[in-house]
Chemist: 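Pasting a structure here, questions to come.
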Amino acid sequence: MSEESESAGELPEYAERVLEVAELIPPGRVMTYGDVAEWLEEGGPRQVGRVMALYGGAVPWWRVVRADGQLLPGSELRALGHYREESTPLREASRAAEGHLPRLDMKRARWDGRTRTEAHN
DNA sequence: AGCGTGACGAGTA
DNA sequence: ATACTCGCCACGC
């Protein structure tokens with residue numbers, strides 16, 4: 001018998017790969033959806049986004065972010081808490097407007113997948 | 001089979 | 001800085 005559908009409890013292979021990458025991202029660093037897709041050499045940012053939306057709860061989802069550094073809408077405060085806890089480079093809003101949360105400093109926080117787990121300061 | 005939608009990205013105005 | 005467009009690909013109606 002040919003099983004084409006996934007058994008309950010098992011994830012699609014692509015999803016599993018995406019989650020695996022998410023778990024590799026060191027604390028204090030982030031990867032964009034596009035970076036993950038590029039690294040997997042499969043799918044695109046939207047596909048990665050879909051996986052994170054569906055199954056991201058099982059991994060450090062806050063380390064997979066948008067390329068523009070915007071915090072995840074709906075979970076901004078939760079994400080921000082993690083970033084402060086991990087000392088992830090943030091870019092504070094110049095105009096201190098309440099309700100205007102900081103964004104990620106992508107230049108410093110972006111992780112290219114190369115071993116460097118240190119030296120970012 | 002077409003069309004809209006989405007935890008996206010880059011380019012342009 | 002924001003707003004809008006287009007490209008991308010999987011899903012659902």
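Here is the naming used below: chain letters follow the sequence lines, and residue numbers restart at 1 for every chain. Everything numeric in this text was worked out from a predicted model, so none of it was measured.
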Chemist: Under a 4.5 Å cut-off applied to non-hydrogen side-chain atoms, are A/Pro102 and A/Leu80 in contact?
Modeler: yes
Chemist: So which of residues 50-65 of chain A are in contact with DNA chain B, with a heavy-atom cut-off of under 4.0 Å?
Modeler: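 When residues 50-65 of chain A is checked for heavy atoms under 4.0 Å from DNA chain B, the hits, listed by number, are A/Met52, A/Ala53, A/Trp61.
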Chemist: Could you pull out all residues at least two apart from A/Arg84 that satisfy salt bridge (Lys or Arg N to Asp or Glu O under 4.0 Å)?
Modeler: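 Applying salt bridge (Lys or Arg N to Asp or Glu O under 4.0 Å) to A/Arg84 gives A/Glu92.
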Chemist: Contact list please: residues 66-81 of chain A against DNA chain C, heavy atoms, distance less than 4.0 Å, in numerical order.
Modeler: none
Chemist: Quick one: CG on A/Asp105 to OH on A/Tyr83, what's the gap to the nearest 0.5 Å?
Modeler: 12.5 Å
Chemist: Only one of A/Arg114, A/Arg110, A/Arg29 forms a salt bridge (Lys or Arg N to Asp or Glu O under 4.0 Å) with A/Asp35, so which one is it?
Modeler: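 That would be A/Arg110.
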Chemist: Could you go over nucleotides 11-13 of chain B and give all protein N or O partners under 3.5 Å, atom names and distances?
Modeler:
none

Chemist: Are A/Val30 and A/Met106 side-chain neighbours, meaning at least one heavy-atom pair lies under 4.5 Å?
Modeler: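 In short, these two side chains touch, coming nearer than 4.5 Å.
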Chemist: So which protein nitrogen or oxygen atoms get under 3.5 Å of nucleotides 5-9 of chain C's nitrogens or oxygens?
Modeler:
unit_1, atom_1, unit_2, atom_2, d
C/dC9, O4', A/Gln47, NE2, 3.0
C/dC9, O2, A/Gln47, OE1, 2.7

Chemist: Show your working on side-chain contact (heavy atoms from CB on, under 4.5 Å) between A/Val36 and A/Leu40 and close with a plain yes or no.
Modeler: CA-CA 6 Å; A/Val36 174; A/Leu40 291 174; 4.0 Å; yes
Chemist: Using the rule given for side-chain contact (heavy atoms from CB on, under 4.5 Å), can you reason through A/Met31 versus A/Val21, listing the C-alpha separation, both sets of side-chain angles and the distance that settles it, and then say yes or no?
Modeler: CA-CA 9 Å; A/Met31 258 180 116; A/Val21 174; 4.0 Å; yes
Chemist: Under a 4.5 Å cut-off applied to non-hydrogen side-chain atoms, are A/Arg103 and A/Leu90 in contact?
Modeler: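 Of all side-chain heavy-atom pairs linking A/Leu90 with A/Arg103, none is under 4.5 Å.
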Chemist: Give the rounded distance in Å between these two atoms: CG of A/Asp35 and C1' of B/dA10.
Modeler: 14 Å
Chemist: Which donor-acceptor pairs under 3.5 Å do side chains of residues 42-71 of chain A form with protein atoms, sequence neighbours excluded?
Modeler:
unit_1, atom_1, unit_2, atom_2, d
A/Glu42, OE1, A/Arg17, NH2, 2.7
A/Trp62, NE1, A/Glu86, OE2, 2.9
A/Arg63, NE, A/Glu86, OE1, 3.4
A/Arg63, NE, A/Glu86, OE2, 3.3
A/Arg63, NH1, A/Ile25, O, 3.1
A/Arg63, NH2, A/Glu86, OE2, 2.7
A/Asp68, OD1, A/Gln70, N, 3.0

Chemist: Starting at atom CZ of A/Arg103, determine the distance to atom P of C/dT2, rounded to an integer number of angstrom.
Modeler: 7 Å
